[in-house]
Novice: 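One structure coming up, written as structure tokens, with questions to follow.
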Amino acid sequence: MLEVEGLNVYYGGIHAVKGVSLKVPDGKIITLVGANGAGKSSILRSIVGLVKPKSGSIKFKGTELVGRLTNKIVESGVVLVPEGRRVFADFTVLENLKAGAYSRTDKQKIEEDLEWVFSLFPRLKERIKQRAGLLSGGEQQMLAVGRALMSRPDLLMMDEPSLGLAPQLAEGIFRIIGEINAKGKTVLLVEQNAKRALELSDYAYVLETGRIVLEGLGTDLMKDERVRKAYLGE
Amino acid sequence: MTLALFLQHLANGISLGSLYALVAIGYTMVYGILRLINFAHGNIFTAGAYLAFVGVALLQLSWGAAYVMAIVLTAALGVLVERVAYKPLRDAPRISVLISAIAVSFLLENLMVIIFGGRPKSFFRPPVFDQVMDIGSVKVPTVTFAIIAASAVLVIALSYMLYRTKPGLAMRALSSDFDTARLMAIDVDKTVALTFVVGSSLAAVGGILWAIKFPQVNPFMGGLPGLKAFVAAVLGGIGNVQGATIGGLMLGLAEVLLVAVFPAFSGYRDAIAFVALILILLWKPTGILGQEGRVKV
Ligand SMILES: Nc1ncnc2c1ncn2[C@@H]1O[C@H](COP(=O)(O)OP(=O)(O)OP(=O)(O)O)[C@@H](O)[C@H]1O
Ligand SMILES: [Mg+2]
């Protein structure tokens with residue numbers, strides 16, 4: 001579904017992503033783990049066109065994404081739940097979800113997806129008219145995920161969805177990522193919570209200072225000595 | 001002051017304030033989205049009045065056709081200014097865009113001097129606006145009434161657009177966060193252009209109504225009203241459309257009523273706006289409806 005080849009991202013003189021290649025096959029959950037500043041967000045933001053890579057190719061369903069505008073990329077079926085949620089604070093919950101469906105015109109299906117999002121996150125339904133800025137952190141995260149789903153993506157990318165959430169809430173988010181995937185959505189996940197992310201994923205990449213240093217099946221990586229030391233705190 | 005006289009002043013103040021509001025909305029919308037004080041906005045107001053003048057006096061169009069043409073062309077001019085002078089600088093430091101805006105303002109002003117000459121020209125208005133309506137013992141010129149009615153309709157239509165339509169949703173999304181708006185598949189360039197269409201159209205309506213109220217046009221006519229409308233936008237809380245409306249009305253009312261109550265101050269009429277600006281900046285710099293210390297997550 002998604003193929004990244006030799007991706008290089010610079011910020012001025014900082015070489016943040018150094019020749020990264022990765023594959024996200026149809027229907028799978030792929031995870032990217034790495035320490036702070038490893039370049040995880042930069043990769044996701046390049047895929048969705050918010051950062052212009054210096055070189056490399058990003059192919060989604062066979063078409064090149066590099067050089068296209070973000071709104072076009074999102075319309076083609078890739079969406080990102082950005083780091084830090086970034087819900088529209090002045091919008092109501094419902095307006096945020098509608099913003100997610102901005103480019104769509106299939107009213108019937110939008111209603112269906114809205115119902116689906118509410119079934120995944122019943123809390124959002126209870127707070128449908130509330131301003132998003134007044135939601136708790138966990139609820140905002142649910143809203144950010146729900147809003148992304150409203151664009152009916154084929155590939156859902158999430159940048160640290162469990163960040164700042166209590167363990168129980170984080171667990172809820174991971175459970176829902178599984179549910180979303182079971183519905184046929186491909187997922188590319190970036191996580192600091194490596195244990196849960198690796199358990200959940202079919203395949204994973206470990207990123208260190210802009211380079212992929214390790215990759216493999218999630219369950220295999222969990223047994224890897226280096227991963228256990230660096231990311232699982234053992 | 002008799003009640004009738006007071007009501008007359010009130011109507012006059014509301015109508016002047018409505019005009020400030022129409023222009024202030026354009027300042028505030030552009031600021032809300034681009035964080036730019038569009039210095040050329042006063043010239044857009046002037047252009048609206050001049051284009052109506054051209055339609056009526058030179059092209060001999062009907063009133064309605066001339067006004068519609070003026071509004072459409074002014075909207076196009078606003079979009080052109082954005083494309084040429086602001087869009088290429090979207091990632092540049094804000095001060096560069098501000099300087100560009102000031103340059104555009106001078107350019108438009110001088111272009112109008114070159115094209116139309118520096119001398120004021122009288123602005124023909126539909127004869128209905130020469131009349132005065134008697135409501136009981138209150139005398140209200142038809143212009144005053146028309147300005148209030150037109151502005152009210154436009155402000156309501158604008159609120160509807162902002163809060164009930166998709167382009168409005170896009171504008172509000174953009175004013176909160178460009179990148180996240182992009183992630184909603186919102187076309188940033190189109191939405192910014194639309195913002196200029198809306199702001200410039202309202203300024204054109206303001207300019208035309210101004211020229212109907214004070215029936216003449218000159219290349220500098222947008223200067224003072226533009227500046228006052230900017231003050232109104234700051235007064236209401238820049239970036240906030242309701243704020244701009246309230247700020248405009250307050251300023252219009254203050255000008256008219258203060259002079260009515262203290263005729264000796266009539267020479268200081270234009271200073272009121274700037275005193276208000278200083279006071280608001282000292283007392284509540286974010287304006288009446290502006291949020292304080294709003295943190296963006
Ligand atoms: N806009 C920017 N301008 C300059 N440098 C940046 C910018 N964004 C990221 N960087 C730098 O690029 C490197 C990678 O950042 P990135 O945000 O991709 O890391 P990350 O893996 O997502 O980290 P975190 O886990 O803290 O979110 C860092 O060194 C960071 O300082
Ligand atoms: Mg990050």
Side-chain angles (χ1 to χ4, degrees), chain A residues 41 44-45 47-52 68-92 94-105 107 110 131-135 137 140-141 143-144 147-148 150-153 156-159 163-164, chain B residues 28-29 31-33 35 83 87-88 90-93 159-195 236-244 286-287 289-297:
Chain A
S41 300
L44 296 191
R45 292 171 67 78
I47 294 171
V48 79
L50 289 176
V51 166
K52 303 275 161 273
R68 297 183 73 190
L69 291 172
T70 300
N71 55 311
K72 294 291 169 203
I73 294 174
V74 173
E75 277 178 34
S76 77
V78 183
V79 77
L80 169 68
V81 180
E83 190 171 1
R85 301 158 196 144
R86 300 227 175 213
V87 296
F88 297 114
D90 292 338
F91 285 28
T92 64
L94 185 62
E95 282 176 326
N96 267 283
L97 294 172
K98 281 192 171 161
Y102 182 77
S103 66
R104 297 174 56 187
T105 48
K107 280 220 168 91
I110 292 178
R131 275 189 46 216
L134 302 175
L135 297 175
Q140 288 189 9
Q141 188 63 61
L143 183 55
R147 184 180 63 177
M150 288 306 293
S151 73
R152 198 168 256 245
L156 175 66
M157 303 195 292
M158 290 188 246
D159 198 342
L163 190 73
Chain B
T28 226
M29 285 180 76
Y31 185 87
I33 287 179
R35 301 289 179 270
R83 273 290 132 91
K87 191 174 164 220
R90 207 169 283 161
D91 298 320
S159 309
Y160 179 85
M161 194 205 105
L162 282 176
Y163 290 93
R164 292 274 181 279
T165 70
K166 268 192 169 187
L169 187 82
M171 284 181 188
R172 290 190 296 135
L174 218 54
S175 80
S176 114
D177 180 347
F178 264 53
D179 274 355
T180 309
R182 288 192 172 99
L183 287 176
M184 307 293 114
I186 288 168
D187 186 330
V188 169
D189 292 342
K190 251 197 218 161
T191 307
V192 170
L194 184 65
T195 306
I238 193 146
N240 183 316
V241 170
Q242 287 104 312
T286 50
L289 293 188
Q291 283 122 324
E292 261 168 288
R294 184 159 135 211
V295 191
K296 287 237 165 86
V297 197

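Protein chains get the first letters and strands the later ones, always in sequence-line order, with residue 1 at the start of each. Note that the structure is a prediction, hence the values are computed from the model and not measured.
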Novice: So, are B:Asp179 and A:Arg45 salt-bridged, with charged N and O less than 4.0 Å apart?
Specialist: yes

Novice: Roughly how far, to the nearest 0.5 Å, is the OG atom of A:Ser151 from the CG atom of B:Leu183?
Specialist: 9.5 Å

Novice: Cation-pi check for A:Phe88 against B:Arg172: NZ or CZ below 6.0 Å from the six-membered ring centre and within 45 degrees of the axis, yes or no?
Specialist: no

Novice: Starting at NZ of A:Lys98, measure out to CG of B:Leu169 and round the result to the nearest 0.5 Å.
Specialist: 8.5 Å

Novice: In the structure I gave you, are the side-chain heavy atoms of A:Asn71 and B:Ile186 within less than 4.5 Å of one another anywhere?
Specialist: no

Novice: Would you please test A:Arg85 and B:Thr180 for side chain to side chain contact (heavy atoms under 4.5 Å, CB included) and show each step?
Specialist: CA-CA 10 Å; A:Arg85 301 158 196 144; B:Thr180 309; over 6 Å; no

Novice: Is A:Val74 close to B:Met184 at the side-chain level, that is, under 4.5 Å between some pair of heavy atoms?
Specialist: no

Novice: Measure distances from A:Leu69 to the heavy atoms of chain B and classify the residue's part below 4.5 Å as side chain, backbone, both or neither.
Specialist: neither

Novice: Heavy-atom count around A:Lys52 NZ within 6.0 Å, excluding the residue itself: above 12?
Specialist: yes

Novice: Under a 4.5 Å heavy-atom cutoff, which of A:Ile73, A:Thr70, A:Val79 has the most pairs with chain B?
Specialist: A:Thr70

Novice: For A:Arg104, which atoms come within 4.5 Å of any heavy atom of chain B: side chain, backbone, both, or neither?
Specialist: backbone

Novice: Considering non-hydrogen atoms only, spot the tightest contact between B:Ala170 and A:Tyr102 and give its length.
Specialist: CB-OH, 3.5 Å

Novice: Counting only non-hydrogen atoms closer than 4.5 Å, does A:Ala101 touch chain B with its backbone (N, CA, C, O), its side chain (CB onward), both, or neither?
Specialist: backbone

